[in-house]
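See below for the structure under consideration.
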Amino acid sequence: MDKKGYAGNRGSDVRSDCYVELQLKDTGGIEIDLKSKVGALYGDSIISLSRKILQFFEIGHAHIRIEDAGALEFVLA
């Protein structure tokens, strides 16, 4: 299946936004790679939100890469 999509902004001048890359797979479960400047404080929360969104859309096998620059929860979702 391997379908891939992306959304958002990234780079050194980006603030309060995020870049998300999603690759759907046939097997392997959910893999989440998070790079966040607020990861020490909110990393677990961002990963939990990501899992909830994937579960809502009934996505069971995917690789998701998130580059967060302090985005609010509704932006991440």
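Keep in mind that what you see is a predicted model, and the values were worked out from it rather than measured. Values reported hereafter were calculated over all heavy atoms of this structure, with side chains retained and with hydrogens, waters and symmetry mates removed.
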### Message
Using side chain to side chain donor-acceptor pair (under 3.5 Å), reason through His63 and Asp33 one step at a time and then give a plain yes or no.
### Response
CA-CA 8 Å; His63 179 258; Asp33 292 330; 2.6 Å; yes
Task: Cluster link Phe56 to Leu24, ILVMFWY, side chain under 4.5 Å - done: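 Hydrophobic grouping puts Phe56 with Leu24.
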Shared ILVMFWY cluster between Leu41 and Ile32, side chains joined below 4.5 angstrom? yes
Check [X] against [Y] and note the closest heavy-atom contact, atom names and distance.
{"X": "Leu22", "Y": "Ala62", "value": "CD1-CB, 3.8 Å"}
{"X": "Ala71", "Y": "Leu76", "value": "O-CD1, 3.8 Å"}
{"X": "Asn9", "Y": "Asp17", "value": "ND2-OD2, 2.6 Å"}

Once rounded to the nearest 0.5 Å, what's the spacing between atom CD1 of Ile66 and atom CG of Leu34?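 Between atom CD1 of Ile66 and atom CG of Leu34 there are 5.5 Å.
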CD1 on Ile64 to CD1 on Ile30, rounded to 0.5 Å: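 With rounding to 0.5 Å, CD1 (Ile30) is 8.0 Å from CD1 (Ile64).
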Enumerate donor-acceptor pairs with a distance under 3.5 Å from any side-chain N or O in residues 48-55 to protein atoms, sequence neighbours excluded.
residue	atom	partner	partner atom	Å
Ser50	OG	Ile46	O	2.8

Pairs meeting criterion salt bridge (Lys or Arg N to Asp or Glu O under 4.0 Å) with involvement of residues 62-75, two or more places apart:
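Sorted result for residues 62-75: Arg10-Glu67, Glu21-Arg65, Arg65-Glu67.
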